[in-house]
There are 2 protein chains.
Amino acid sequence: MPKRVDHGERRKLIADALMRVAAERGLEAVSLRHVAAEAGVSSGMVQHYFRTKDEMMTFALSVVRDRSEARVTRAVSALGDEPSPRTLLRTMLTELLPLDEARRADGRVALAFLAFTAVRPAVAAGLHQESAELLAFIAGQIRTAQAAGATQTRVDPDRAAVALLAVMEGLGVYLLGGHYPPETALAALDAQLDLLLGPEPAAQRGRAAPPRRSPAP
Amino acid sequence: MPKRVDHGERRKLIADALMRVAAERGLEAVSLRHVAAEAGVSSGMVQHYFRTKDEMMTFALSVVRDRSEARVTRAVSALGDEPSPRTLLRTMLTELLPLDEARRADGRVALAFLAFTAVRPAVAAGLHQESAELLAFIAGQIRTAQAAGATQTRVDPDRAAVALLAVMEGLGVYLLGGHYPPETALAALDAQLDLLLGPEPAAQRGRAAPPRRSPAP
DNA sequence: CCGATTACGTTGCAACTGCAATGCAAAAAC
DNA sequence: GTTTTTGCATTGCAGTTGCAACGTAATCGG
């Protein structure tokens, strides 16, 4: 074998460039040459690692998914042991909202891919599984919160989970569209959590998000 | 003046073709020639009515908006005089969900435009106004429902309106992605209305939507 | 040392893109 | 009846697209 190169690393490099292009100018500006230029490589190299554009797009979509998942797990693991369902859910969902420029960029890409997969259903397979898992997890958290007796109004946990995830997605879409500022979205999200789990403990009130252990290196 | 032609009519004809193309193959497949072919006209004619592609896109976006607005007003006006806030809200929001193929097609186009405007903020101006009006209306309905004493848990109407609209948008996105069937979305929407306005009157239970006066001509 | 294999870079091509330019027919204005 | 304005079709062009083809340099197994 000749010059050994980490295939996955190169592919991720290219996918990152693709996401930068997509975040700035939309998916329709994603071409082999643009991505190559953004990544600072030749377009031949892009073709070397992705035999077709579709393959590149599919891979990039999986990177988007992985990245948001990593974001969530990192934020959640920073919560310490056995956080309350409310804290856990709030942390997860706020982490997925486009509240700063980094997440806005990711959000624009995700939204573009959402529209993309709506027309090419074959690519969307992985997304279904992820949202199903997320829904199951949220429903579980709501269930344990209800078992702890925090709420007076019992709601079906599965339906509540679907609604809660939809709230998050909808808020994200409207935030990306600039329809209202982040505070409005956060207020609505908290109101929704109040509805589902009862009013939040006074200790947490006003905290935008739990503090990070350390900034990314 | 020569051969008189209804300008607006032609433009709408072309915009309809554009939406058909966008619904089937995405906005990235929208080109002058594709749209012209779909509309059954020459590409020169398209250029005659839209001097630039951007002008055509902007107009099509406004048509999308008008169409969904018309859908809502038609469904609402079929409700009769002074429907309850809950019936009104449910009718409006259900009408906006992609529950049948016609609305799915519209939804795909709307989603594509959402991603489109997220990258070209200049085009999004009209959308902000529309969502602001919708939010104000929803908040008003929630307020009157609360004044009627239907709910025990008082929630801030403005936040509740933001959350409710976000639920609808999020459900729409997930429906378009095929993440769950329409029944799941409807169940979640009803659960949300239960949360905000209290449990629904037994008379309405299980009705998917109020019957239409007459099918479209 | 040597074919074989891998990692690129370069070039080329047919198809497509938005758009300008031109042509022309019909009908209203005069 | 001529002129002028409008509606629309055709053609052409420069730029971009995805992709195949070919080239070359490096590096390993033998």
Side-chain angles (χ1 to χ4, degrees), chain A residues 1-61 109 112-113 115-117 119-120 122-123, chain B residues 1-22 24-61 112-113 115-117 119-120 122-123:
Chain A
M1 282 183 190
K3 201 187 343 182
R4 300 255 78 197
V5 170
D6 186 340
H7 245 239
E9 190 180 324
R10 290 273 200 253
R11 285 165 73 101
K12 194 164 182 310
L13 180 103
I14 296 172
D16 281 349
L18 188 157
M19 290 168 63
R20 262 175 275 140
V21 173
E24 284 170 31
R25 298 192 277 154
L27 265 197
E28 58 185 5
V30 169
S31 71
L32 295 188
R33 284 173 247 260
H34 280 158
V35 171
E38 176 71 35
V41 302
S42 78
S43 48
M45 172 164 158
V46 175
Q47 279 189 85
H48 182 70
Y49 286 100
F50 298 103
R51 284 181 307 189
T52 122
K53 186 189 175 184
D54 244 75
E55 191 182 321
M56 178 174 71
M57 299 288 273
T58 306
F59 181 79
L61 173 57
V109 179
F113 269 111
F116 182 74
T117 57
V119 171
R120 327 191 76 160
V123 195
Chain B
M1 284 184 191
K3 200 189 342 183
R4 302 253 75 197
V5 169
D6 186 340
H7 232 105
E9 189 180 325
R10 290 274 202 250
R11 285 165 73 101
K12 193 160 182 313
L13 179 101
I14 296 172
D16 280 351
L18 189 158
M19 291 169 61
R20 261 175 276 139
V21 173
E24 283 170 31
R25 298 192 276 156
L27 265 197
E28 57 186 6
V30 169
S31 72
L32 296 187
R33 284 174 247 260
H34 278 158
V35 171
E38 175 72 35
V41 303
S42 78
S43 47
M45 172 165 158
V46 175
Q47 280 188 85
H48 182 69
Y49 287 101
F50 298 102
R51 284 181 308 187
T52 116
K53 188 190 175 183
D54 246 73
E55 190 182 321
M56 177 175 70
M57 299 287 272
T58 306
F59 181 79
L61 173 56
F113 270 111
F116 182 74
T117 57
V119 172
R120 327 191 78 158
V123 194

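We name chains A, B, ... by the order of the sequence lines, and we start the count at 1 in each one.
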Atom [atom1] of [X] and atom [atom2] of [N]: how far apart are they, to the nearest Å?
| X | N | atom1 | atom2 | answer |
| --- | --- | --- | --- | --- |
| A/Q47 | D/dT17 | CD | C1' | 11 Å |
| B/F50 | C/dA20 | CZ | P | 16 Å |
| B/L32 | C/dA20 | CG | C1' | 12 Å |
| B/K53 | D/dT16 | NZ | P | 15 Å |
| B/R11 | D/dC8 | CZ | C1' | 16 Å |
| B/R51 | C/dA20 | CZ | P | 10 Å |
| A/M45 | D/dA25 | CE | C1' | 15 Å |

Query raised in the report: Would you say B/R10 reaches D/dC8's phosphate, i.e. side-chain N/O to OP1/OP2 under 4.0 Å?
Result: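 For D/dC8, OP1/OP2 do have a side-chain N/O of B/R10 under 4.0 Å.
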Requested in this report: Name the nucleic acid region contacted by B/V46, choosing base, sugar-phosphate or nothing; use a 4.0 angstrom heavy-atom cut-off, strictly under.
Outcome: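 Nothing, no nucleic acid heavy atom in range.
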If I take atom [atom1] from residue [X] and atom [atom2] from residue [Y], how far apart are they, to the nearest 0.5 angstrom?
| X | Y | atom1 | atom2 | value |
| --- | --- | --- | --- | --- |
| B/M57 | B/L18 | CE | CG | 6.0 Å |
| B/I14 | B/M45 | CD1 | CE | 5.0 Å |
| B/L61 | B/L27 | CG | CG | 9.5 Å |
| B/E38 | B/R25 | CD | CZ | 8.0 Å |
| B/H34 | B/R20 | NE2 | CZ | 14.0 Å |

Requested in this report: Hey, can you tell me if B/H7 and B/Y49 have their rings parallel, tilted or perpendicular (30° and 60° cut-offs)?
Outcome: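 Answer is perpendicular, since the angle exceeds 60°.
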Requested in this report: Using side chain to side chain donor-acceptor pair (under 3.5 Å) as the criterion, list what pairs up with A/Q47, not counting sequence neighbours.
Outcome: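 With sequence neighbours excluded, A/Q47 shows a side chain to side chain donor-acceptor pair (under 3.5 Å) to no residue whatsoever.
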Report task. Tell me which nucleotide among C/dC19, D/dC8, C/dC8 gets nearest to the side chain of A/H48. Result ->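 Closest nucleotide among those given: C/dC8.
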Query raised in the report: With respect to the side chain of B/Y49, which nucleotide from C/dT10, C/dA7, D/dG7 is positioned closest?
Result: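 Closest nucleotide to the B/Y49 side chain: D/dG7.
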Query - From CA spacing to verdict: side chain to side chain contact (heavy atoms under 4.5 Å, CB included), B/D54, B/R120 - result: CA-CA 11 Å; B/D54 246 73; B/R120 327 191 78 158; 3.4 Å; yes
Requested in this report: Scan residues 13-27 of chain A against DNA chain C and write down, sorted by residue number, each residue with any heavy atom closer than 4.0 Å; if none is found, say none.
Outcome: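 Correct list: empty, so none.
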Query raised in the report: Would you find more than 12 non-hydrogen atoms of other residues, nucleotides or ligands less than 6.0 Å from B/K53 atom NZ?
Result: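 Result for NZ/B/K53: enclosed.
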Provide a list of protein-nucleic acid N or O atom pairs under 3.5 angstrom, restricted to nucleotides 12-16 of chain C.
none

